[in-house]
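Shown next, in C-alpha cells, is the structure this report addresses.
The sequence lines fix the lettering, A, B, ..., with proteins before strands; numbering per chain opens at 1. This structure is a prediction, so every number in the text was calculated from the model and none was measured.
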There are 2 protein chains.
Amino acid sequence: MKVLIVEDDPLHRSYLHEAVNAALPECDTVIEAENGTVGEKLARDHKSAHIVMDLQMANRNGIEAARTIWKERPETRILFWSNYSDEAYVRGVSRIVPDGAAYGYVLKSASDERLKLALRSIFIESQCVIDREVRGLQQKSLGQTNGFTDSEYEILVDIALGLTDRAIAKRRGLSLRSVQNRLQQLYDKLDVYQSAGDDHEDGRFNLRARAVTVAFLRKLLNYSALERAEAELQEWLDGK
Amino acid sequence: MKVLIVEDDPLHRSYLHEAVNAALPECDTVIEAENGTVGEKLARDHKSAHIVMDLQMANRNGIEAARTIWKERPETRILFWSNYSDEAYVRGVSRIVPDGAAYGYVLKSASDERLKLALRSIFIESQCVIDREVRGLQQKSLGQTNGFTDSEYEILVDIALGLTDRAIAKRRGLSLRSVQNRLQQLYDKLDVYQSAGDDHEDGRFNLRARAVTVAFLRKLLNYSALERAEAELQEWLDGK
DNA sequence: CAACAAATTGCGGGTTTACGCAAGACGGCG
DNA sequence: CGCCGTCTTGCGTAAACCCGCAATTTGTTG
C-alpha cells in the first residue's frame, strides 16, 4: 500500500509522514509532494489511490489538484487535512467529490488520535470521515435552512469577480431583471441592510461591494475560491 | 534574557522554541503563547522585550497584537515570522513599527540558518532584518514607483469595505468629486480597464467591484487587512 | 516671489444599480 | 385539471457611479 502526501509546509509534511507510518503499518511506501502541481504528477505516475492533502497551498491549491486527480481516477481516496473550515472550502470540496467516493476532511487542530483514526477509516475501511465542525457547515450549506442556495452563491461569486449585471445575465443565461432579483435575495441573506441605511441618509453602503466584503468576513468566500472563480471566468471570456 | 513566542501552530511553535534555544544560548526562559490575545497578555506580564511572532493567527492576528504591545513598550523587539509576504502584511507592519524600533520580518520558508541569524541580529545586535523578498515589496510600496500611495490604498480599503462615494467623502473629509478622482486613479493603477471594455460593449466589468478583486488577487488586500479595516470602520461609525 | 505640477472641487450628463409593481411561466399537489 | 408558491421577465424611477472639462487651491522648486 502506498500513500501520497501533498503538503506545503515541511514541518507538517514530516508530521504527516510519521502519522501515516504509525497509523498504517500496512503501508510500505510514503511519497511526498510539496505543492499541488507535483502532487498531481506523482498521483498520476504512481497511480496512488491513497492521498493526504492540504487545501491551502501556494502553487496549486488542494481543491484544484483534487479535481484533476479525481477526474483521472475517481476511486482515489483523499483525506483533506486543513487548517480551516471556511464555508468556501467546504463548498468547494463537496462540489468536486465524485459520486460514492471515499474522502475525508480533518482539521489540523484535531488530535493525533483523530487523524490516525481518519487515516484508517478512509484508506482501509473506505469510509467518509468529516470533522464535526466541517460537517455542520456542510449541512447548513447544502440544506437551504439559513444557508445559501447554489444560485445565490453563484451570483455572489459573479459580483465578487466584478461583473456587471448585464455580463452576469449573459453568462448565466438570464434576463437583466432576474439577475437583479437574485442580487436582492443575496443582499437580504447577507444582512447588508442592517448596518446600512440605519437612520440618517448618512453612512450608507454600496450594497454590491458590501455584500462581497461581508461574505469574505464570514468565510463564505476566500482567496482560493476567488482564484478558482477568476480562472473559470477567464476561460469563459476566452470561449467567447 | 527571556523570549516570548507567539504562534498558532503547535508544530511551528516547538520548532521556533528549538531554534531560539539553539541560536540564543544567553536566553534562559522561553514563553509560548498560542494566539495574539494571550501573546499581548504574556508580553505585559513578563515585560518581555524579545518576541517572535506569527502574523496570521485566528484569534487575534500578529499585527494587532504587535500594535498594542508596541504601544505599551515601543522598545520591544519583535521578529515577525510569517508564511506570506503579501503586500497587505508588509504595509500593515510598516504602518505600526515605532520610530527607531528594531524589528524583523522573516519568511517561514527561510532556512534554519537564516532564522537563527535573524534572531541574533535583532535580539542581540538590535538590528533590523527584513527578508529580501519582503524588502522588495516594501520599497515598491513606500516609494511611489509602480506602487500605491497611501491615499490610493486608503480608498481601496474604503470601497472594499463597501462604502459609498458619499460616505467615503464624509469619512475622509473630501468632496464627492475628489473621492471619485481618487477612484479613477486607483482604477488606472490596478489596470481594471484592460480586461474590461476590450472590444464589444459586451463583457464589461463593474469597476468598483473589480478593483477590489484585482487587489485581492494581487495580495494588496487580504483577510487580515479587511478585518482590521472593518474594525476601524465600526469604530468610526460608532464615534458618529 | 514667480512658475509649474499635483490635488481638490464644481458642473453636467451618460450608464449602471436598486427596487417596487405586475404580468406570465414553471412545478408540484390534491 | 385547477390552485398556489416560486422563479423569471418587463417597465419605470430615483439614486449612485463613472468621468470629461475647467476653475481653484495647494505645495514645491528655482
Side-chain angles (χ1 to χ4, degrees), chain A residues 143-145 147-156 158-214, chain B residues 143-156 158-198 200-214:
Chain A
Q144 60 278 43
T145 327
F148 292 75
T149 8
D150 284 340
S151 61
E152 283 157 359
Y153 188 73
E154 212 175 53
I155 294 217
L156 170 59
D158 284 340
I159 60 171
L161 286 173
L163 295 172
T164 59
D165 291 2
R166 195 187 329 287
I168 299 177
K170 203 156 297 183
R171 183 175 188 199
R172 305 299 183 186
L174 291 172
S175 74
L176 226 190
R177 190 59 180 87
S178 294
V179 171
Q180 297 173 330
N181 266 344
R182 292 191 179 184
L183 277 176
Q184 282 179 254
Q185 209 174 322
L186 180 70
Y187 297 156
D188 262 346
K189 285 219 186 164
L190 283 175
D191 231 21
V192 184
Y193 300 105
Q194 155 236 331
S195 38
D198 215 84
D199 33 14
H200 330 56
E201 76 292 340
D202 202 62
R204 202 176 247 79
F205 282 111
N206 174 318
L207 298 180
R208 178 177 285 246
R210 184 65 181 165
V212 176
T213 307
V214 170
Chain B
Q144 59 277 42
T145 327
N146 186 9
F148 292 75
T149 8
D150 284 339
S151 60
E152 284 157 357
Y153 187 73
E154 212 174 53
I155 287 227
L156 170 60
D158 284 340
I159 59 170
L161 286 172
L163 295 172
T164 60
D165 291 2
R166 188 179 343 278
I168 300 177
K170 202 155 297 182
R171 184 176 188 195
R172 304 298 182 188
L174 291 172
S175 75
L176 228 188
R177 191 58 179 90
S178 294
V179 170
Q180 297 174 331
N181 266 345
R182 292 195 180 182
L183 277 177
Q184 281 179 252
Q185 209 174 320
L186 180 71
Y187 297 156
D188 263 346
K189 285 221 186 163
L190 282 175
D191 230 21
V192 185
Y193 300 105
Q194 155 236 335
S195 38
D198 215 86
H200 330 58
E201 76 292 337
D202 203 62
R204 202 175 247 79
F205 282 110
N206 174 319
L207 299 180
R208 177 177 285 245
R210 185 65 182 166
V212 175
T213 307
V214 170

Rounded to the nearest 0.5 Å, what's the gap from [atom1] on [X] to [atom2] on [Y]? Could you check?
X         : Y         : atom1 : atom2 : answer
Asn206(B) : Arg166(A) : CG    : CZ    : 12.0 Å
Gln180(B) : Tyr187(B) : CD    : OH    : 9.0 Å
Asn181(A) : Ser151(A) : CG    : OG    : 11.0 Å

Donor-acceptor contact present, side-chain Arg210(B) to main-chain Leu161(A), <3.5 Å
yes
Roughly how many Å is it from [atom1] in [X] to [atom2] in [N], rounded to a whole number?
X         : N       : atom1 : atom2 : answer
Leu207(B) : dT16(C) : CG    : P     : 10 Å
Arg210(A) : dT17(C) : CZ    : C1'   : 18 Å
Lys170(A) : dT16(C) : NZ    : P     : 11 Å
Leu186(A) : dA18(C) : CG    : P     : 11 Å
Gln184(A) : dC21(C) : CD    : C1'   : 12 Å
Asn206(A) : dA18(C) : CG    : C1'   : 10 Å
Arg204(B) : dG14(C) : CZ    : C1'   : 12 Å

Exercise: identify the closest heavy-atom pair between [X] and [Y]:
X         : Y         : value
Ala211(B) : Leu190(B) : O-CD1, 3.5 Å
Leu186(B) : Phe148(B) : CD1-CE2, 4.0 Å
Leu163(A) : Arg171(A) : CD1-NH1, 4.1 Å
Gly162(A) : Ala209(B) : CA-CB, 3.8 Å

At a 4.0 Å cut-off to heavy atoms of chain B, the contacted part of DNA chain D spans dA16(D) to dC21(D)
Using rotation axes that map the C1' atoms of four end pairs onto the next four (five pairs an end), what angle separates the end axes of the helix from dC1(C)-dG30(D) to dG30(C)-dC1(D), to 10°?
30°
Side-chain heavy atoms of Ile168(A) within contact of Ile159(A), under 4.5 Å
yes
Arg182(B) side chain near Arg172(B) side chain, heavy-atom distance below 4.5 Å
no
Decide yes or no on side-chain contact (heavy atoms from CB on, under 4.5 Å) for Glu152(B) and Gln185(B), but give the supporting numbers first.
CA-CA 8 Å; Glu152(B) 284 157 357; Gln185(B) 209 174 320; 2.8 Å; yes
Mind running a 4.0 Å heavy-atom check of residues 171-183 of chain A against DNA chain C and sending the residues that fall below it, in number order?
Arg177(A), Gln180(A), Leu183(A)
